[in-house]
**Student:** 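Let me give you the structure first, and then I'll get to my questions.
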Amino acid sequence: MNISHIEHLGIAVANLEESIKYYEGVLGLKCYAIEEVVDQKVKTAFFMVGSTKIELLESTSPEGPIGKFIEKKGPGMHHIAFAVKDTDAALKTAEDRGVRLIDKVSRKGAEGLNIGFLHPKSTHGVLTELCSKKE
Ligand code: ZN
């Protein structure tokens, strides 16, 4: 797998603007980017914490994955993302090791990263993202 670090923690929020106020005003972190990922139906805000990021996710549609997640479970921790060298190779390794995949091949996520998700049924309940920088 060659995991180098936790790339980010994904947190589902009901309201991006209100959440940013907490992360900046209370925690003293700085939002350095806001980006919409159209095919995921989310708007994201990023904060750097050491070499790890926090990714806040607000749904742009009740039909999107984050919209559905919030409807079911409410706002909160959504996924953990590990940085790997090559997302497609890591997905293949996970599949070979018996893990159920959400993405058989990588796709483009926020910040231009190649991302792919492992199914939480195979990861002890934690939705797990693998991501790598575009080569
Ligand atoms: Zn993510």
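One-based numbering, in listed order, for ligands and for the atoms of each. On a predicted model such as this, the values are computed, not experimentally measured, just so you know.
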**Student:** In total, how many protein N/O/S atoms does one find closer than 2.8 Å to the Zn ion (ligand 1)?
**Tutor:** 4

**Student:** Where the side chain of Thr52 meets the backbone of Ile6, is there a donor-acceptor pair that is under 3.5 Å apart?
**Tutor:** yes

**Student:** Would you say Glu35 has more than 12 foreign heavy atoms packed within less than 6.0 Å of its CD?
**Tutor:** yes

**Student:** With a cut-off of 6.0 Å (strictly less than), are more than 12 heavy atoms of other residues, nucleotides or ligands near NZ of Lys43?
**Tutor:** no

**Student:** Side chains of Glu129 and His8: is there a donor and an acceptor less than 3.5 Å apart?
**Tutor:** yes

**Student:** Side chains of Ser106 and Asp88: is there a donor and an acceptor less than 3.5 Å apart?
**Tutor:** yes

**Student:** In the single-linkage hydrophobic clustering (I, L, V, M, F, W, Y; side-chain heavy atoms under 4.5 Å), do Ile11 and Ile80 co-cluster?
**Tutor:** yes

